[in-house]
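Heads up: the structure comes next, in C-alpha cells.
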Amino acid sequence: MTAKAAKRSAKAASAGRAPLGFWGLGVATGAVLGIALPTGLLLAAGLLPAALALAVDRSAGRGTARTVLAFNLAGLLPAIRALWREGHDLMTLAAILGRLEALPLAYAAAVIGFLLPQVLGWAVLAVLEARAYGAVQALERRRAALREAWGVEVDRPPP
Amino acid sequence: MASGGQPRVGNHAVDPLAPVRGMVGGGLAAFAARPLAADAPPGLAVVCRTHLPPRLRAIERLATEEIPGLMRPLAQDIVAWEGGEQRLIVYPLPPGPALLPAGERRAPLREGDLIQNVVRPVGAVLLALADLGIPHRGIRPDNLFRAAAGGPAMLGEAWALPAAFAQPALVEPPASALCLPAGRGEGTVADDLYALGVTLVALATGQWPMAGLDDAAATRLKLERGSLVAVLADQRLPGGLVTLVRGLLAEDPDHRPSPAELAGWPGSARTRSVSARPIRKASRPLPIGPAEPRDTRSLAAALGLHWAEGVAAARSGAVAVWVERALGDGQLAARLRAAVDEEGKAADPLVLDTMLCRTIALLDPRAPLFWRGAALMPDALGPVLVQTLLARGEHRLALGDLEDLIDSLAIGRWAAACGDRHADPAALERMARQYRLIRRSAALGAGTERLLYLLNPALPCLSPLLGGRMVTTLPALLRALEEIAPGLPAATLPLDRHIAAFIGVQVEGRLDAELAAVAEAGSPAEAAVAAIGVFALLQRMHAGTAMPALGRVLGDLAAPMARSWHETARREWAVAELSRIAASGDLAALHALLADPALRQRDRAGFAAASAAAAEAARAIAAITAARGQRAAEAARIGGRIAQGTGLVVLALTLLAVAGS
C-alpha cells in the first residue's frame, strides 16, 4: 500500500468515525431531550463549547477537547443540580439559564479547560528547555576547556 | 701558535719567512721548523695542499715509530697559515743535500758506496716500513739525502701528497707510470724496489736515466723494450750492481729482491732461477690512434689512452684478430672474443666502456684500471676524486666519468679480468658494490660526497658554509659551525651535503638514519629539529662544549616546531623556553624540548582524544538545538495529559461537591 493510499484510508476512517460520534451524541441528546427535556436542553446549551471543541480538535486523542468537556461538564453540574432541585421543567430551566452561575460558569470552565493544556504545555516546555539549556552550557564549558588546553585547532573538523 | 707569528706544530715552531728548498718534491713548499723541545731535532715543515690530501694514516702511524735513515713525519697539525688554515707536516732536517737533484749531473757513486750507503740503509727502511704495512712510494734520486762528508743516505719524505704523486714516471713501474699522478695508489714495497732500481742506475751513472724523454715517452719505451733495457739504455753499470738492478727492475714484482735481502746485500741475496721473459712482439703493429703497438702491454696502454679508438677496435674484433694472427696467441684471442661478444653489441656507452676496461685487463693483467683515456689504481679513487672536484683540468677525467666508473662496477670487472694475484677480485668486487651503493644513494650524508670523505681521511670538509676553514675532525667541525653560525644567511640550515657526508664518515655511519631524516623532513622546521638531533649527538660525543650561536640559529629555524605542540601549556612553555635553551648552547636539551618522541606521541594522542571529545560535544549541542521541535511536541503532549487529568479531577470533585450539598 502506498503512503497516499494509506492516508486516504485513514481519512476515510476518520471521516466515518466523526459522523458516527456526532450522530451518537445527537441520538443521546435526542433521547435525553425526549426523556428529560429540560435537562437535555440544559446539557445542549451548556455543553456547546465542548461540542465545538470536539468538532474542532482534530489532534490525536483530542486531549484539548476532552479537557474542555471535563471542565465544561464540571462547570455545568451546579446548574443541573439546581434544575433538578428547583423543578424539572422548562420554566425553571429558563430561570436557571438566566443566572450568572449557570451558562457563564460552564462556558468559563470550558475556557479554562481550553487554556489549561496550552498553559501546561508551555510550562512543561519551559522545564524541558531549561534542562536542554543546562546541558548545552555544560557541553560548551567542556569545549571551552578543551580549547584552552589544546588550542582552537581542537574545535576544527579534521581535514 | 708560537710567538712571533710562527705556528707551532708538535715540538716545532715553523718560520714562514724561512723557506727550505730542494728537500721536498711534488712542488710543495717547505719552511724551517725550529725545535721547541730539547730533544727535538731541527726540522722542516711541509705545507700540504687541500686538493692533494696527504697520507694521513701513514703519518699517524709513523709519528710514533723510530726508523733510522728515514725522514719520518714527527708531527702534523692544521695551523693558521697565510691568512687561512693549512695542514703542516714537520720532518727532521735531512743530513745534507739530495744525492742527485732532477736535471743535474753529478759524479757517479762507486759501487761500494752505493751498496753500503744507499742500498743497505734503504733496504733497512723498506723492511721497517714493510713491517708496518706502509710502502714509501717516494724513492728517487733527488729524495735521498746525505751529508757532504758522506755516510748513509736518508730517505726523504713521501707522505705529504697522495702516494707516488711526486714520482716522475721514470722511476715508477710501467703500470704505475701510466696512472694519473694522483691515481697511483698506495702500491706495495715492490713498487719501492723498482724505484730503487732506477735510482741506483741514476746514482751509478751520475745522471737521471732516459734524459730528454717526457713521462709518456719514457713509459712507452719501458713497455716496448722492458724496464731494464729502457732504463739502462747504453749505460754500463759496475758488475756487482747489474744483478741487483736487474732484479729490482724485473717486470714481475715477485722477481724483485726483498727489502731484507737489500738490507744485507750482497751477503743475503738469494739466487732466482726465473729470469725475465722477453717481450713477445707481433709481426705487424695494430694502429690505435697515433700509437702502433706491437706487444700486448703496449696495446693495452694504447687502447686505454686512446679510448674512443680503443672501443672501436675492441668492438670490431680487430684486437682479437690481431692477437690471434699477428701475435699468434689463440687462447688470449678467444678470451677477448668472449669478452667482446658479451658486451660489444650493446648500445649503452657505459657497457662499451666496461667492455674495453675488461679487454685491457685481459691483454695486460698488470695494467692499471683504464677508464676513458686515463688510468688509476682502484685504491687511488679517493685522491683522483678530490683532484677532479677541486682541481678541474689537471687531468682528463671529469666527475661524471668517475661516477660512471663507480656505477658501472668497472673496478670489480677489472679485478675479475686482470688475474693479478695481488688483487683480491672478491674484495674489489665488494668494494665496487659498496662504492656504487654509497654513490647512488640520494640520502643526505651519502652520494659522491660521502665517497669523497670515505676515501680521503685527510680531506677537510669542503662545505662552502665553512668559509674555507680547514675542518678535518668532528670537534673542529663543531667549533667551525659555532663560529660561522652568527653570519649565516637567514633560513640557512648549517648542515649541507658536504657536512653531512663528513659527519657520516667521521662517525662511521652511526648517524646515517639521523642524517637521512634531515633531508626527509617535511618542512624546514622539522629539518632543523632533525639537524639539532644530529648536532646534539655530536656535541655529546665530543665533551659537550656549549654551542650557543649554533643553538640560536637552529632554534630560530625550529621555532615553528615549538609552536606545533598541541597542548597549550606545553606549547607556551616550549616557546618561552626555546630562546633560553637555544642560547645556553645545550643542543640535547633543545632537541628534547622540540622532539621528544614519547612526548610528541602523547601530545598527538591527547590532541586526538581532545578533538574527538570536542567533536562529540559539538554534535551533542547540535542535537539538543535541533530537538527543540521534539521538546515542544513532548511538552504539548505532557501538558495535554496533565490538563486531561486535572479536568477529570475537577469534574470528580465537582460531582462530589454537588452530590454532597
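Computed from a predicted structure; not experimentally measured. Protein chains get the first letters and strands the later ones, always in sequence-line order, with residue 1 at the start of each.
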Check your understanding: With a 4.5 angstrom heavy-atom cut-off, which part of A:R147 approaches chain B: side chain, backbone, both or neither?
Key -> backbone
Review point. Side chain, backbone, both or neither: which part of B:R571 has a non-hydrogen atom closer than 4.5 Å to chain A?
Key: side chain
Study note, to complete from the structure: Heaviest contributor of heavy-atom pairs below 4.5 Å to chain A, chosen from B:A632, B:A615, B:S611, is B:S611
Study note, to complete from the structure: In this structure, CZ of A:R62 is separated from CG of A:L69 (nearest 0.5 Å) by 11.5 Å
**Study point:** B:S564 versus B:R600, side-chain donor and acceptor atoms under 3.5 Å
**Key:** yes
**Study point:** Portion of A:A132 that has a non-hydrogen atom of chain B nearer than 4.5 angstrom
**Key:** both
Check your understanding: Is any side-chain N of the basic residue among B:E634 and B:R631 closer than 4.0 Å to the acidic one's carboxylate O?
Key -> no
Exercise for review: Look at A:R143 together with A:D155 and state whether they make a salt bridge at an N to O cut-off of under 4.0 Å.
Suggested key: yes
Exercise for review: Would you confirm whether A:D89, through its side chain, and A:P38, through its main-chain N or O, come within 3.5 Å as a donor-acceptor pair?
Suggested key: no
Review point. Which atoms of A:Q118 come close to chain B, meaning under 4.5 Å heavy atom to heavy atom: side chain ones, backbone ones, both, or neither?
Key: neither
Exercise for review: Identify which part of B:I642 has an atom lying under 4.5 Å from any heavy atom of chain A, answering side chain, backbone, both or neither.
Suggested key: both
Point to revise | Contact leader toward chain A among B:G640, B:A608, B:A636, B:A617, where contacts are heavy-atom pairs under 4.5 Å | key: B:A617
Point to revise | Under 3.5 Å donor-acceptor, B:E482 side chain and B:L550 backbone | key: yes
Check your understanding: Do you know which of A:L77, A:L73, A:V136 has the most heavy-atom pairs under 4.5 Å to chain B?
Key -> A:L77
Review point. Using a cut-off of under 4.5 Å for heavy-atom pairs, which of B:A627, B:A652, B:A569, B:A620 has the most such pairs with chain A?
Key: B:A620
Review point. With respect to chain B, which residue among A:E129, A:R81, A:E148, A:R142 yields the maximal number of heavy-atom pairs within a distance under 4.5 Å?
Key: A:E129
Review point. Out of B:G645, B:A618, B:A633, B:A657, which one racks up the most heavy-atom pairs below 4.5 Å with chain A?
Key: B:A618
Check your understanding: Do the side-chain N and O atoms of A:W150 and B:T568 include a donor-acceptor pair separated by under 3.5 angstrom?
Key -> no
Exercise for review: In plain terms, say whether B:D596 and B:R602 are close enough for a salt bridge, that is, a side-chain N and a carboxylate O under 4.0 Å apart.
Suggested key: no
Check your understanding: Is chain B contacted by the side chain of A:L146, its backbone, both, or neither, given a heavy-atom distance below 4.5 Å?
Key -> side chain
